[in-house]
Amino acid sequence: MSRSPMVVRTVPALRRAVEALRGRKAATALVPTMGALHDGHVSLVRLARRRAQRVIVSIFVNPTQFAPSEDFGSYPRTWKADVAKLAAEKVDLIWHPDVKTMYPDGFATRIVPEGPATAGLEDRFRPHFFGGVATVVGKLFTQCRPDFAIFGEKDFQQLRVVAQMARDLDLGVKVIGSRTVRERDGLAMSSRNVYLSPEERRAAPELYRVMKEAARRIRAGEEIKPAVAGGAELIEQAGFKLDYLEVRHAETLTPIASIKDGPLRMLVAARLGTTRLIDNIAV
Ligand code: PAF
């Protein structure tokens with residue numbers, strides 16, 4: 001049986017634990033999560049391990065990135081299973097603060113990201129989201145002071161937002177993106193996939209299939225606009241309510257008209273019943 005990682009819940013204990021972990025200049029990598037860990041998170045931890053001798057995983061369901069109408073209260077919380085998974089990966093430290101520790105009474109400072117955070121993708125549908133993410137990730141970076149931080153490419157706009165923030169604020173953390181891990185049928189792994197009914201689960205991989213076909217058509221010479229419009233129609237026909245299907249510049253996330261102006265990224269968000277799915281691929 002693997003030994004359980006050390007769990008810390010207060011900032012002073014975290015500081016002591018991080019100091020001890022760094023020892024004589026061991027590199028550290030942080031994997032920020034909200035728990036409900038799946039194989040996608042495990043792949044982030046493994047990438048962290050390849051980059052650094054010491055791996056810290058934070059588990060904190062961050063209230064400031066949820067709107068009042070969203071699923072903060074019902075977000076899956078699977079603490080015991082999460083710790084077992086991290087123990088199997090020989091993670092060194094789990095940072096597991098409670099809400100009062102992260103946002104004590106009187107907390108009044110918020111990071112307001114721009115650039116990729118205002119690209120008109122997720123921010124159009126979840127205007128509160130990137131302010132909450134940037135604020136909590138900014139805190140996680142200053143609390144854990146990692147050399148590297150690993151984020152999944154599945155939340156592609158989030159990855160761009162935190163990389164930009166780390167650069168802009170000289171946080172001294174190298175942000176690294178990790179490839180999306182998919183189920184066998186192509187559905188991107190997500191903690192929210194547990195919300196899908198069996199029927200919705202069968203329809204869900206259509207998002208990835210349609211994106212791959214639209215990307216293939218663009219690479220084969222079709223213009224972006226009709227390829228995306230065709231894809232959007234197929235997604236709606238499969239029973240989704242589409243928020244967006246867009247092709248953007250892969251670095252800046254600005255709109256793009258031609259494959260010549262690449263590199264390109266295709267991004268989608270759509271709802272199946274009450275579950276909102278997001279995904280993206282390189283074009
Ligand atoms: O991607 C997530 O799980 C969250 O947005 C993050 C980065 C842990 C911040 O709460």
Side-chain angles (χ1 to χ4, degrees), residues 9 14 29-45 47-48 55-67 70-79 81-82 85-86 91 93-103 107 109-113 116-117 119 121-123 125-144 146 148-166 169 171 173-181 188-195 253 267 269 275-280:
R9 297 169 199 273
L14 176 69
L30 171 69
V31 181
T33 82
M34 297 204 300
L37 305 180
H38 49 66
D39 285 355
H41 295 109
V42 170
S43 79
L44 305 183
V45 169
L47 178 55
V55 176
I56 306 170
V57 174
S58 61
I59 297 183
F60 177 64
V61 185
N62 174 36
T64 65
Q65 66 191 74
F66 290 78
E70 291 181 347
D71 56 345
F72 173 70
S74 58
Y75 193 84
R77 287 160 172 90
T78 56
W79 172 252
D82 292 351
K85 284 190 178 120
L86 299 178
V91 160
L93 180 65
I94 301 177
W95 170 221
H96 185 48
D98 63 14
V99 172
K100 272 268 155 89
T101 299
M102 289 300 261
Y103 301 111
F107 183 89
T109 303
R110 195 173 160 81
I111 296 176
V112 182
L121 297 163
E122 281 304 284
D123 49 298
F125 296 88
R126 306 183 70 197
H128 55 281
F129 181 67
F130 289 117
V133 167
T135 302
V136 80
V137 172
K139 282 180 68 92
L140 292 170
F141 283 4
T142 51
Q143 291 164 339
C144 301
F148 303 98
I150 317 292
F151 290 82
E153 283 187 346
K154 182 184 156 268
D155 296 278
F156 198 77
Q157 190 177 5
Q158 169 175 276
L159 169 63
R160 288 285 170 263
V161 169
V162 293
Q164 177 87 43
M165 175 183 74
L169 300 183
L171 295 179
V173 181
K174 184 168 170 45
V175 172
I176 298 170
S178 181
R179 216 173 40 81
T180 301
V181 179
M189 287 193 184
S190 162
S191 305
R192 288 189 167 103
N193 288 351
V194 296
Y195 298 154
L253 299 184
L267 304 101
T275 308
R276 188 166 181 278
L277 300 175
I278 62 170
D279 201 350
N280 64 88

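Residue numbers count from 1 along this sequence. Counting starts at 1 for both ligands and their atoms, following the listed order. Excluded from the calculations below are hydrogen atoms, water molecules and symmetry mates; all remaining heavy atoms, backbone and side chain alike, are included.
- The aromatic rings of H96 and W79 sit parallel, their planes meeting at an angle under 30°, below the 60° perpendicular limit.
- Because its NZ or CZ atom is both nearer than 6.0 Å to the ring centre of F72 and within 45° of the ring axis, R77 counts as a cation-pi partner of that residue.
- In this structure, ligand 1 sits under 4.0 Å from heavy atoms belonging to P32, T33, M34, N62, Q65, V133, V136, F151, Q158.
- Between E70 and R276, no side-chain nitrogen of the basic residue sits less than 4.0 Å from a carboxylate oxygen of the acidic one, so the salt-bridge criterion is not met.
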Contacts table for residues 30-39: side-chain donor-acceptor under 3.5 angstrom, sequence neighbours left out:
{"from": "T33", "atom 1": "OG1", "to": "G35", "atom 2": "N", "distance (Å)": "3.0"}
{"from": "T33", "atom 1": "OG1", "to": "S58", "atom 2": "O", "distance (Å)": "2.8"}
{"from": "H38", "atom 1": "ND1", "to": "G40", "atom 2": "N", "distance (Å)": "2.9"}

> Stepwise, does the side chain to side chain contact (heavy atoms under 4.5 Å, CB included) test hold for D279 with F156?
Replying inline: CA-CA 8 Å; D279 201 350; F156 198 77; over 6 Å; no
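- Here the shortest heavy-atom pairing between V161 and P116 reads CG2-C, 3.9 Å.
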